[in-house]
Amino acid sequence: MAFLPISINEVKERGWDSVDFVFITGDSYVDHPSFGVSIISRVLEDRGYKVAILSQPDCNSDAEFLQFGTPRLGFMITSGNIDSMVAHYTVAKKRRKTDAYTAGGVMGKRPDRAAIVYSNIVRRLFPESVIILGGLEASLRRFAHYDYWDDKVRHSILFDSKADIIIYGMGENQTIEIADRLNEGYTVEALRDIRGICYAVKTSDYAPMSVTELPTFERVSTDKVDYAIATRKELDEYDAVRGKTMIQRDSNMILVQTPPMPPLTTKELDHVYSLPYERTYHPSYEDLGGVPGIQEVEFSITHNRGCFGGCNFCAIAFHQGRAVTVRSKESIVEEAKKLIASPNFKGYIHDVGGPTANFRLPSCELQKKSGLCKGKKCLAPTPCKNLQVSHEEYIDILRELRGLDGVKKVFIRSGIRFDYLMEDESDRFFKELVEHHISGQLKVAPEHCSDIVLDKMGKPHIEVYKRFQDEFYRKTAQAKKEQYLVPYLMSSHPGSTLKEAVELSLYLKREKIHPDQVQDFYPTPGTISTCMYYTGLDPYTLKEVYVAKSPHEKALQRALLQYFKPQNKDLVIEALIKAGRRDLIGTGKNCLINAKIPEKYDKLTPKPKTKNKKHVKPNYKKKQKMRAKSK
């Protein structure tokens with residue numbers, strides 16, 4: 001095994017005169033299967049292609065971009081493991097201080113909107129070369145999309161980047177097919193029948209075909225009803241069984257998205273994870289302290305992909321998709337043996353998970369033939385009657401891993417879908433989870449307690465979590481262990497007014513939960529919740545949704561979830577008064593905060609709740625017309 005070359009000197013050391021692909025990434029180079037660059041570059045290497053990695057090139061100089069010369073087949077470009085804007089900015093749009101995907105945690109090694117910047121530089125320097133975008137940033141921004149940082153709708157990243165193709169979703173098979181065709185002498189125009197890609201054509205060159213047409217860029221950038229309709233169609237058609245070609249017009253150009261590439265089979269997924277990864281960062285980063293992002297995954301194992309959970313604020317459905325595919329037990333055990341052989345392994349496998357740790361089956365048998373249902377969720381607000389639930393395979397895998405020589409503990413740290421777990425008629429997995437796989441705390445995601453908010457999140461109602469919580473602590477007591485649940489909670493999600501935030505704070509007080517951290521809703525590209533945030537509309541009903549947008553209202557909602565912190569006292573008082581809940585201020589046992597109401601609030605009465613009309617201009621006749629048109 002060896003790292004792929006990251007400089008022209010390393011290319012020469014391999015005896016190569018040139019490379020087939022230059023792979024540009026906004027992250028430091030980590031050769032581990034939790035990093036997309038590593039997977040795709042190893043897949044190409046496995047097919048016999050020569051690949052050089054250009055990591056975090058200096059955009060103020062052309063030298064690093066020119067060092068490998070013109071690659072024989074093309075450039076592949078990604079911003080890195082996450083969207084570059086999320087990597088750089090907090091939800092409050094403040095610059096982050098550290099970067100987990102850069103050596104030494106140093107901030108500023110990649111530009112904002114890295115895929116666009118890198119691609120434009122390559123297009124200027126290598127005008128005839130094929131440029132292929134991939135990774136999360138490109139995948140989630142493939143259509144016209146609302147950009148939180150610019151607070152406007154941006155064009156497809158394909159147009160802004162001047163790239164030839166976007167590979168969307170998990171891109172192994174698209175990459176293989178593109179590389180093989182380019183190697184056979186095909187032009188980039190001859191790649192347009194490959195599934196799982198986006199490309200652009202001039203309107204004058206477009207040959208009409210059977211497609212799902214989205215509202216144009218001009219419409220989605222000026223009309224929020226159109227934007228909501230486009231969002232719904234984009235998500236509904238992301239299905240490898242029934243998904244259609246989609247187009248979106250933008251001035252004199254048309255963006256074309258081919259139907260999704262089918263998920264990898266178990267055999268294909270096993271092969272991807274068997275490739276010769278070094279499983280760590282490039283040694284050139286050692287003096288900088290390595291790459292922080294490896295710490296959480298170095299001794300973790302991914303056993304599945306995709307998630308039919310369908311949380312509205314999560315981008316997995318628009319990137320990996322809702323269809324679950326899994327690795328075999330043999331593949332997982334083989335990877336565990338590689339971990340055990342590492343000199344840094346201390347006996348602890350940190351995680352055996354994925355987008356949702358306890359999914360090993362398709363949501364139902366029907367999806368294999370008909371695809372996943374449009375506009376419906378498998379688990380929320382209540383489980384579908386066709387849902388198939390079993391943890392038997394997962395139990396078998398975990399038991400096998402626990403029994404390996406050199407393994408002391410096998411933990412589960414990625415998300416357990418507690419509502420799915422509670423649907424299992426057998427409690428064997430629940431029992432083994434409690435007895436063997438928790439490192440003191442289990443993180444779970446109820447997110448909120450208000451039915452109004454949970455419905456907008458696409459999550460089950462809080463009663464399901466309460467049943468799970470009670471059973472967890474009952475089983476923990478039976479096992480004579482001291483273990484705790486750590487609930488993830490989100491403030492200011494669309495649908496949450498101060499009233500719902502107060503409801504959640506009362507729930508936390510009643511359950512004696514004091515969250516150390518609370519996540520403000522972050523409107524990232526590619527989610528239903530981001531559509532709600534921008535438009536003030538639910539894209540599946542076109543009904544209005546309340547959205548907290550001002551930094552101060554967000555601060556009030558966040559403070560209510562941490563009402564017990566002294567530094568939040570003034571915000572909590574203000575929030576309770578604005579919510580009409582003065583009864584929760586004082587010394588009574590039911591009060592949230594022990595304080596007197598300041599005199600400045602004596603004459604303040606709560607304003608009547610109004611809908612979020614600032615961001616939506618209701619036009620009910622138009623809505624009815626558009627609703628009918630979109631069917």
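Just the heavy atoms: all of them, side chains too, but no hydrogens, waters or symmetry mates, feed the values below.
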- Item | Residue pair F21, F75: steps toward the ring-ring contact (aromatic ring centres under 6.0 Å, His included) verdict | CA-CA 6 Å; F21 290 99; F75 288 87; 9.4 Å; no

- Message: Could you go through I131 and K162, starting from their C-alpha distance and side-chain angles, then the distance that decides it, and tell me whether this counts as side-chain contact (heavy atoms from CB on, under 4.5 Å)?
- Response: CA-CA 8 Å; I131 300 176; K162 299 183 176 64; over 6 Å; no

- Item | Intermediate values then yes/no, side-chain contact (heavy atoms from CB on, under 4.5 Å), F35 and V297 | CA-CA 10 Å; F35 292 73; V297 298; 4.1 Å; yes

- Give the C-alpha distance, both sets of side-chain angles, the deciding distance and a yes or no for side-chain contact (heavy atoms from CB on, under 4.5 Å) between I247 and Y206. CA-CA 11 Å; I247 67 170; Y206 177 69; 3.8 Å; yes

- Item | CA sep, side-chain torsions, deciding dist, call: R279, E335, salt bridge (Lys or Arg N to Asp or Glu O under 4.0 Å) | CA-CA 11 Å; R279 305 192 69 85; E335 184 173 358; 2.7 Å; yes

- Item | Check against side-chain contact (heavy atoms from CB on, under 4.5 Å), L255 and D250 | CA-CA 7 Å; L255 176 80; D250 188 332; over 6 Å; no

- Tell me, with the steps shown, if S328 and S331 meet side-chain hydrogen bond (donor to acceptor under 3.5 Å, both in side chains). CA-CA 5 Å; S328 68; S331 170; 4.8 Å; no

- Query: Q388 and S363: side-chain hydrogen bond (donor to acceptor under 3.5 Å, both in side chains), yes or no, with the steps?
  - Reply: CA-CA 6 Å; Q388 54 182 1; S363 57; over 6 Å; no

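When atom types are taken as modelled, the side chain of Q248 and the backbone of T216 share no donor-acceptor pair closer than 3.5 angstrom. A donor-acceptor contact shorter than 3.5 Å is absent between the side chain of R327 and the backbone of H303. Side-chain N or O atoms of S41 include one that pairs as donor or acceptor with a backbone N or O of S38 at under 3.5 Å. Side-chain N or O atoms of R232 include none that pairs as donor or acceptor with a backbone N or O of T541 at under 3.5 Å.
Screening residues 300-318 for salt bridge (Lys or Arg N to Asp or Glu O under 4.0 Å), with sequence neighbours left out, gives E172-R305. Residues in residues 257-276 take part in no salt bridge (Lys or Arg N to Asp or Glu O under 4.0 Å) pair, two or more places apart or across chains. Residue pairs meeting the ring-ring contact (aromatic ring centres under 6.0 Å, His included) criterion with at least one partner in residues 158-178, sequence neighbours excluded, are Y168-Y238. The salt bridge (Lys or Arg N to Asp or Glu O under 4.0 Å) analysis of residues 47-57, with sequence neighbours excluded, yields the pairs R47-D180. For the side chain to side chain donor-acceptor pair (under 3.5 Å) condition, the pairs that include at least one residue of residues 127-142, sequence neighbours left out, are S79-E137, D83-R141, S84-E137, S139-R142, S139-H319, R141-H145, R141-D147, R142-Q257. Each salt bridge (Lys or Arg N to Asp or Glu O under 4.0 Å) pair with one or both residues in residues 20-41, not counting sequence neighbours, appears once here: D20-R72, D27-R110, D31-R42.
Cation-pi geometry between K152 and Y146 is not met: the NZ or CZ atom fails to fall both under 6.0 Å from the ring centre and inside 45° of the normal.
Looking at Y118, F23, F65 one by one, the single match for side chain to side chain contact (heavy atoms under 4.5 Å, CB included) with L54 turns out to be F65.
In this structure, Y488 places its OH atom where only 12 or fewer heavy-atom neighbours from other residues, nucleotides or ligands lie under 6.0 Å away.
Taking the side chain as every heavy atom from C-beta outward, M76 and I40 approach each other to under 4.5 Å. Residues V153 and Y227 meet the side-chain proximity criterion, which asks for heavy atoms closer than 4.5 Å. You'll find the side chain of D164 stays beyond 4.5 Å of the side chain of I132, heavy atoms only. At least one side-chain heavy atom of V272 sits under 4.5 Å from a side-chain heavy atom of I39. The shortest side-chain heavy-atom distance between T25 and Q56 does not fall under the 4.5 Å cut-off.
Listed by chain and residue number, D538 satisfy the salt bridge (charged side-chain N to carboxylate O under 4.0 Å, His left out) test with K456 (two or more places apart in sequence, or in another chain). Residues satisfying the side chain to side chain contact (heavy atoms under 4.5 Å, CB included) criterion with K385, sequence neighbours excluded, are absent altogether. Applying the salt bridge (charged side-chain N to carboxylate O under 4.0 Å, His left out) rule to E423 yields no partners; only residues at least two apart in sequence or on another chain are considered. Annotation: salt bridge (charged side-chain N to carboxylate O under 4.0 Å, His left out) contacts of E213 (sequence neighbours excluded): R249. Every side chain to side chain contact (heavy atoms under 4.5 Å, CB included) that S300 has, sequence neighbours left out, goes to H350, D351. Under the salt bridge (charged side-chain N to carboxylate O under 4.0 Å, His left out) criterion, K368 pairs with E365, not counting sequence neighbours.
Taking CZ of F143 as the start and CD1 of I166 as the end, the distance is 9.0 Å to the nearest 0.5 Å. One finds the SG atom of C378 at 9.5 Å from the CG atom of N386 (value rounded to the nearest 0.5 Å). To the nearest 0.5 Å, atom CG of residue N173 and atom CG of residue L264 are 5.0 Å apart. Between K459 atom NZ and E447 atom CD the span is 5.0 Å, to the nearest 0.5 Å.
Between E392 and R360 no salt bridge is recorded (no basic side-chain N to carboxylate O distance below 4.0 Å). By the 4.0 Å N-to-carboxylate-O rule, D150 lies close enough to R113 to be salt-bridged with it. Salt-bridge annotation for D419 and R417: present, with a side-chain N of the basic residue lying under 4.0 Å from a carboxylate O of the acidic one. A salt bridge links R181 to E177: at least one charged side-chain nitrogen sits closer than 4.0 Å to a carboxylate oxygen.
The two atoms that bring N312 and D455 nearest to each other are ND2-O, 4.1 Å, heavy atoms only.
Judged by distance alone, the side chains of N304 and Y394 never bring a donor and an acceptor atom under 3.5 Å apart. Side chains of D160 and H155: a donor-acceptor N/O pair is absent below 3.5 angstrom, by distance only.
Aromatic ring centres of F521 and F313: separated by at least 6.0 Å. For Y533 and H493, the gap between ring centers reaches or exceeds 6.0 Å.
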